[in-house]
2 protein chains.
Amino acid sequence: MNAADVALICKALGDSNRLQIVEMLSTGEKCACKMIDKFEITQPTLSHHMKILRECELVDVRKEGKWMHYSLNCETLSAFRDYINKLACDESRKGGCGC
Amino acid sequence: MNAADVALICKALGDSNRLQIVEMLSTGEKCACKMIDKFEITQPTLSHHMKILRECELVDVRKEGKWMHYSLNCETLSAFRDYINKLACDESRKGGCGC
DNA sequence: TTTATATATTGACGTTTAGCTATATGTATT
DNA sequence: AATACATATAGCTAAACGTCAATATATAAA
């Protein structure tokens with residue numbers, strides 16, 4: 001996963017509603033019809049958010065009759081986590097004596 | 001760290017330039033005057049990006065004379081990582097028999 | 001005290017975004 | 001075939017965003 005992919009995922013997670021959607025999906029696959037109840041947004045807006053989450057491949061869809069079931073894409077989530085976890089933070093490298 | 005904080009950090013990392021800045025800082029503290037050379041943006045734009053990264057507390061500043069030294073905020077980065085790492089992805093919970 | 005340098009702020013701009021309403025599409029039921 | 005329901009798309013609007021040029025602020029050097 002390269003920086004552009006990561007930026008895209010971050011942009012997707014940068015919206016509070018979408019972050020909450022991802023959290024909700026983190027507890028397992030959900031039908032759009034159930035998800036809509038939890039948010040104060042209209043159906044088209046939810047659909048729009050799901051499209052963005054699918055486009056960055058953070059979310060998968062499974063169609064069952066007229067229902068859409070969304071779930072987290074484990075592979076993408078895992079690659080994203082790896083990338084974030086590699087961002088090192090070395091306190092000792094800060095300059096200045098501080099003494 | 002709550003969802004709003006995480007969304008703010010993600011929004012900050014959702015811009016390619018800012019993500020690259022964070023990557024650069026991941027190798028240690030940097031002076032703004034050095035950072036500007038690595039990007040094709042003007043000085044005011046860099047300053048603007050740094051302000052956003054500071055506002056979500058992902059980045060710290062240290063002033064030394066007329067130079068500003070930026071570094072990652074270990075505490076925030078760590079809390080952010082924890083949050084992302086808690087996002088579970090359980091492939092088995094997806095519905096459908098698939099068999 | 002003047003000049004040079006590093007950074008921040010202001011104000012303007014074109015673009016992107018989240019949200020809505022209205023409508024279209026697809027699927028199941030009657 | 002007609003109806004009902006779930007979801008997607010289109011088109012719009014207001015707000016937010018990334019960028020820049022111009023200018024202000026702060027510090028160091030001459």
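Chain identifiers are assigned alphabetically (A, B, ...) following the order of the sequence lines, protein sequences preceding nucleic acid strands; residue numbering begins at 1 within each chain.
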Peer 1: Would a 4.5 Å heavy-atom cut-off, applied to side chains only, mark Leu13(B) and Leu58(B) as touching?
Peer 2: yes
Peer 1: Please report, rounded to the nearest Å, how far the P atom of dG18(D) is from the CG atom of Leu13(B).
Peer 2: 12 Å
Peer 1: CE of Met35(B) versus P of dA8(C): gap in Å, rounded?
Peer 2: 10 Å
Peer 1: Taking the side chain of Met68(A) as heavy atoms from C-beta outward, which of dA26(D), dA8(D), dA8(C) is closest to it?
Peer 2: dA8(D)
Peer 1: Check whether any side-chain N or O of Ser47(A) sits under 4.0 Å from OP1 or OP2 of dA8(D), and answer yes or no.
Peer 2: yes
Peer 1: Roughly how many Å is it from CZ in Arg62(A) to C1' in dT7(D), rounded to a whole number?
Peer 2: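 Going from Arg62(A) (CZ) to dT7(D) (C1'), I get 16 Å.
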Peer 1: Determine the contact category for Ile41(B): base if any of its heavy atoms lies under 4.0 Å from a base atom, sugar-phosphate if only primed atoms, P, OP1 or OP2 are that close, otherwise nothing.
Peer 2: sugar-phosphate
Peer 1: Looking across every strand, which nucleic acid part, if any, lies under 4.0 Å from Ile36(A) by heavy atom: base, sugar-phosphate, or nothing?
Peer 2: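 Here Ile36(A) touches no strand at all.
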Peer 1: In whole Å, I'd like the distance from the CD1 atom of Ile52(A) to the P atom of dT16(C).
Peer 2: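 Checked: the CD1 to P distance equals 13 Å.
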Peer 1: What's the CZ-C1' distance between Arg18(A) and dG19(C), to the nearest Å?
Peer 2: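 Rounding to the nearest Å, CZ of Arg18(A) and C1' of dG19(C) are 12 Å apart.
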Peer 1: Checking contacts here: which listed nucleotide (dT7(C), dC17(D), dT7(D)) is nearest the side-chain heavy atoms of Cys31(A)?
Peer 2: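 Of all the options, the side chain of Cys31(A) is nearest to dT7(D).
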Peer 1: Please tell me which of the listed nucleotides, dA8(D), dT7(C), dG18(D), lies nearest to the side chain of Arg54(A)?
Peer 2: dA8(D)
Peer 1: Can you tell me if Arg81(A) uses its side chain to pair, donor with acceptor, with the backbone of Leu87(B) under 3.5 Å?
Peer 2: yes
Peer 1: Nearest of dT9(C), dT5(C), dT17(C) to any side-chain atom of Lys66(B)?
Peer 2: dT5(C)
Peer 1: To the nearest angstrom, how far is Met50(B) atom CE from dG18(D) atom P?
Peer 2: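 About 14 Å, once rounded to whole Å.
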Peer 1: Do Asn73(B) and Arg54(B) have side-chain heavy atoms sitting under 4.5 Å apart?
Peer 2: no
Peer 1: Pairs of donor and acceptor atoms involving the side chains of residues 31-40 of chain B, under 3.5 Å and at least two apart or interchain, shall be tabulated with distances.
Peer 2:
none

Peer 1: Let me know the distance between CG of Asp37(B) and P of dT5(C), rounded to the nearest Å.
Peer 2: 15 Å
Peer 1: So which nucleotide from dA18(C), dA8(C), dA6(D) ends up closest to the side chain of His48(A)?
Peer 2: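 Closest nucleotide among those given: dA18(C).
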Peer 1: Looking only at atom types and distance, does a side-chain atom of Lys66(B) sit under 3.5 Å from a main-chain N or O of Glu64(B), one as donor and one as acceptor?
Peer 2: no
Peer 1: How is Tyr70(A) classified with respect to the nucleic acid when contacts are heavy atoms under 4.0 Å: base, sugar-phosphate, or nothing?
Peer 2: sugar-phosphate
Peer 1: Within the modelled atom types, does a donor on one side and an acceptor on the other bring the side chain of Gln43(B) and the base of dA6(C) under 3.5 Å apart?
Peer 2: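 Side chain to base: no pair below 3.5 Å.
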Peer 1: Please tell me which of the listed nucleotides, dG26(C), dC20(D), dC20(C), lies nearest to the side chain of Thr45(B)?
Peer 2: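 Of dG26(C), dC20(D), dC20(C), dC20(D) is nearest to the side chain of Thr45(B).
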Peer 1: Look at the side chain of His49(B) and decide which nucleotide, out of dT19(D), dA26(D), dA6(C), has an atom nearest to it.
Peer 2: dT19(D)
Peer 1: Looking only at side-chain atoms of Pro44(B), point me to the closest of dT7(C), dA6(D), dA21(D).
Peer 2: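 Closest of the options to the side chain of Pro44(B): dA21(D).
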Peer 1: Nearest to the side chain of Trp67(A), heavy atoms from C-beta on, is which of dT7(C), dA6(D), dG18(D)?
Peer 2: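 The nucleotide sitting nearest to the side chain is dA6(D).
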Peer 1: Can you tell me how far P of dT7(D) sits from CG of Leu46(A), to the nearest Å?
Peer 2: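 So the CG-P distance, Leu46(A) to dT7(D), works out to 8 Å.
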Peer 1: Inspect cysteines Cys74(B) and Cys89(A) and report if their side-chain SG atoms are under 2.5 angstrom from one another.
Peer 2: yes
Peer 1: Remember a base hit wins even if backbone is also touched, and classify Lys63(B) as base, sugar-phosphate or nothing at under 4.0 Å, heavy atoms.
Peer 2: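 Touches sugar-phosphate only.
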